[in-house]
Amino acid sequence: MLLRILLALVFCVAISMAHAQLCQGSLGDPIVNITFGAGPNPGPPLAGATTNYQYYAPDCPDDGFYSVRNNSVNCFNSSWHSLSSDHTGNPNGYFMLVNSSFQPNAFYVDTVDLLCSNTTYEFAAWMLNMSRPTGCNGNPIQPNITFRIERLDGTIIQTYNTGNIPPQSSAQWRQYGFFFTTPSSVSRIILRLINNAPGGCGNDVALDDITFRPCGPFLNASIAGGASKDLCYGTASQLTFTVDASAYSSPFIQWQQSTNNGASWVDIAGANSTSYQRSFSGTEPVGTYLFRAAVAEMQNVAIPQCRVASGNIVVRVNANPSTTTTNNGPVCEGANASITATGGTMYAWNGPAGFSASSATVNIPGITMARAGKYYVVVTNDAGCTALDSSDLAVQERPQASVLQDSVNICKGDSIQLQASGGVAYTWKPATGLSSAAVSSPNASPNSSIRYQVIVQDQQGCTDSAIVTVAVHDKPTVNAGADVVIAEGQAIQLNGSIQGDADFIWMPPLYINNPASLQPVVNPPADIVYVLQATSRAGCGLSADSVRVQVFKQVVVPNAFSPNGDGINDKWIIPALQAYPGFDISVFDRYGRLVYSSSSSFSWDGSNNGKILPVGTYYYLIDLKHNLPVIKGSLLLIK
């Protein structure tokens with residue numbers, strides 16, 4: 001009890017210190033709401049109120065006149081603001097348009113029934129200075145209004161002064177108000193609006209929506225610590241609303257509900273405690289439901305207008321997602337599949353073979369037969385409501401492509417028939433060397449080895465592929481090497497080579513260390529011809545080449561020659577020197593002068609420095625190297 005008294009005292013002090021402010025606690029519904037009505041221009045003269053001003057039906061009243069209008073346009077050379085509606089934006093809503101008199105006086109007086117005595121009220125009115133800042137040579141008179149609440153005998157209960165209302169560059173309605181408390185046994189008051197500024201150029205106002213509303217301590221109504229709750233259609237819920245009315249000494253609580261967005265409120269029978277439980281069965285229509293707690297002191301329980309109301313508790317019954325699901329099936333095994341759901345902001349998929357995903361569209365690359373079947377998705381919208389949907393994904397088993405042989409060998413210039421099976425349509429890639437790229441068994445005659453892929457398609461358009469490698473073989477090319485010369489008793493390595501895949505052998509297999517080697521070592525005792533023979537392993541024929549091995553038994557040095565150009569014995573030739581690589585030969589005249597030398601040529605034309613030497617006897621030295629004795633002798637050059 002003490003806490004409630006202290007809170008009430010604090011509230012009253014706040015009212016006395018902030019009487020020029022609007023209600024900072026909780027308000028009740030308006031007991032009085034003077035809107036001036038609505039309709040076409042002009043509006044009727046004031047009926048319930050009294051005024052010292054004269055009614056003027058057209059727009060733009062003069063000093064000491066007022067109009068009731070739903071708009072005002074281009075008054076006094078547009079020195080007034082133009083208004084297209086009342087302060088609520090209603091284009092048919094009336095407002096009072098006042099051009100103040102030259103002498104300060106009351107321009108609006110009305111008797112108001114407030115019903116509730118000993119109750120705090122918020123009085124408020126919306127006003128607008130009609131003068132533009134540029135009017136009256138830039139110095140319009142500023143309205144200054146006193147609101148006065150009086151007893152019926154004229155005793156003042158409360159006053160409030162707006163102060164000067166300055167002009168604005170654009171038309172802006174402002175709400176002015178204050179608190180007052182009706183004394184005991186006083187439920188009827190006089191409202192008087194007095195214009196304090198003198199008339200003249202300026203001092204013109206628009207007045208709208210005069211309200212009296214009960215004002216009490218702040219009521220904090222909540223649900224689970226908040227002011228709103230989202231429910232999903234079809235889901236039953238039990239909700240508990242609470243309100244803190246501890247600032248009241250003896251509160252009467254009435255929970256109310258509105259189903260028309262607060263336009264009207266209905267008392268909930270029996271809901272009269274600080275907490276109220278409301279059951280939602282799940283069948284309530286989708287929409288917004290408003291709840292609030294209306295509170296009054298127990299002495300005013302019989303007068304609903306004396307109540308103040310908490311802020312609204314909002315319960316939204318949200319629609320469940322309206323979903324759709326699609327997929328790109330039927331798809332072929334191994335292809336990329338996709339499934340899509342709509343209608344929400346979150347998605348939770350599950351499906352065959354442990355599948356799960358969380359996006360609206362899900363791609364499944366390289367799908368297998370195990371992934372065929374029904375996919376379920378839980379779709380959640382932004383209100384947290386869910387719906388279950390599904391999509392059946394069909395997967396076509398792909399064909400099994402096969403080929404008769406995955407690798408074949410042919411000889412260059414030949415052809416072979418390839419064979420594939422497993423489908424109703426066939427495509428070979430590349431088409432190089434094929435008789436047709438669109439049949440199951442084309443003839444292939446490529447010029448070089450190639451790898452063919454055959455794509456097999458079934459009646460559903462699904463595909464598989466297989467590979468055939470065609471190896472193209474040339475007839476072997478054989479080179480036995482150049483003819484060679486050796487001395488008797490020497491050995492030499494032959495230099496054979498083969499192009500192509502072939503088996504080979506040297507014939508005859510005499511005086512040869514390995515007939516199956518391309519570079520065997522031979523040491524025949526006499527001249528011999530070896531033949532290198534190659535046979536294609538792919539059956540592409542055989543080839544052969546021969547090499548002659550000439551064997552010199554001794555070095556024979558001619559003792560005369562005649563370099564006379566008759567084509568007979570024109571050169572001194574020693575063929576056997578070919579068998580002694582690195583030899584040195586020197587020829588001297590009879591005076592011991594060197595006239596010819598060589599380490600590579602085994603023939604001499606009898607010249608020295610390009611001139612044929614004279615007839616005579618010459619002497620030679622032949623160094624065979626290899627630890628062999630030097631051969632010496634004389635040589636006769638004749639013509």
Side-chain angles (χ1 to χ4, degrees), residues 323-342 347 349-377 389-474 501 538-540:
T323 64
T324 62
T325 58
T326 57
N327 64 66
N328 67 335
V331 293
C332 298
E333 181 184 8
N336 294 333
S338 66
I339 51 177
T340 298
T342 64
Y347 302 84
W349 291 91
N350 65 79
F355 175 86
S356 64
S358 59
S359 58
T361 298
V362 180
N363 295 314
I364 309 173
I367 195 165
T368 63
M369 294 302 297
R371 293 284 191 190
K374 182 167 287 190
Y375 288 77
Y376 295 91
V377 60
D389 207 342
S390 64
S391 181
D392 284 310
L393 178 61
V395 180
Q396 300 284 357
E397 190 172 3
R398 67 183 176 188
Q400 297 295 316
S402 62
V403 292
L404 183 63
Q405 293 176 290
D406 57 10
S407 64
V408 293
N409 296 295
I410 64 171
C411 299
K412 189 170 185 177
D414 292 344
S415 65
I416 190 171
Q417 187 176 40
L418 308 179
Q419 295 184 32
S421 61
V424 296
Y426 300 85
T427 302
W428 293 84
K429 295 181 179 181
T432 305
L434 297 179
S435 59
S436 173
V439 296
S440 61
S441 301
N443 287 322
S445 54
N447 289 325
S448 58
S449 296
I450 194 170
R451 186 173 181 263
Y452 290 109
Q453 178 189 35
V454 59
I455 301 171
V456 177
Q457 181 175 303
D458 64 13
Q459 293 177 338
Q460 288 75 36
C462 298
T463 61
D464 192 22
S465 64
I467 300 297
V468 178
T469 300
V470 178
V472 179
H473 300 277
D474 290 329
D501 186 19
C540 296

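The analysis underlying the following values was restricted to heavy atoms, covering all of them including side chains, and did not include hydrogens, waters or symmetry mates. Just so it is clear, the structure is predicted and the values come from calculations on it, not from any experiment.
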Stepwise side-chain contact (heavy atoms from CB on, under 4.5 Å) check, V377 with I339: CA-CA 10 Å; V377 60; I339 51 177; over 6 Å; no
Taking atom CD of E333 and atom CD of Q460, what is their separation to the nearest 0.5 Å? 12.5 Å
Spacing of CH2 belonging to W349 relative to OG1 belonging to T340, to within rounding of 0.5 Å: 7.0 Å
What heavy-atom pair brings A353 and A370 nearest, and what distance separates the two atoms? CB-O, 4.0 Å
CG/N327 to OH/Y375 distance, rounded to the nearest 0.5 angstrom? 9.0 Å
Closest contact, heavy atoms only, A372 versus V395: CB-CG2, 3.5 Å
So which heavy atom on N328 is nearest to which on A337, and how close? OD1-CA, 3.5 Å
Ring pair (Phe, Tyr, Trp, His ring centres under 6.0 Å) with Y426: which residues, sequence neighbours excluded? none
Would you sort out whether F355 and V362 count as a side-chain contact (heavy atoms from CB on, under 4.5 Å), showing the intermediate values? CA-CA 11 Å; F355 175 86; V362 180; 3.5 Å; yes
From S391 OG over to K374 NZ, what is the distance, rounded to the nearest 0.5 angstrom? 9.5 Å
Mind listing the closest non-hydrogen atom pair of S390 and Y376 along with its distance? CB-CD2, 3.7 Å
Show me the donor-acceptor pairs, under 3.5 Å and distance only, between side chains in residues 442-456 and residues at least two apart or in other chains.
from : atom 1 : to   : atom 2 : distance (Å)
S449 : OG     : V472 : N      : 3.0
Y452 : OH     : T432 : O      : 2.4
Q453 : NE2    : S465 : OG     : 3.4

Does the pair V331 and I364 meet the rule for a side-chain contact (heavy atoms from CB on, under 4.5 Å), with working shown? CA-CA 11 Å; V331 293; I364 309 173; over 6 Å; no
Begin with the C-alpha distance, continue with both residues' side-chain angles, and end with the deciding distance and a verdict on side-chain contact (heavy atoms from CB on, under 4.5 Å) for L418 and L434. CA-CA 9 Å; L418 308 179; L434 297 179; 4.1 Å; yes
Distance-only, no hydrogens or angles: does the N336 side chain make a donor-acceptor pair with backbone N or O of G366 under 3.5 Å? yes
What distance do D389 atom CG and T342 atom OG1 have between them, rounded to the nearest 0.5 Å? 8.5 Å
Please list every donor-acceptor pair under 3.5 Å in which a side-chain atom of residues 398-417 meets a protein atom from a residue at least two apart or in another chain.
from : atom 1 : to   : atom 2 : distance (Å)
S402 : OG     : S421 : OG     : 2.8
N409 : OD1    : H473 : NE2    : 2.8
Q417 : NE2    : S441 : O      : 3.4

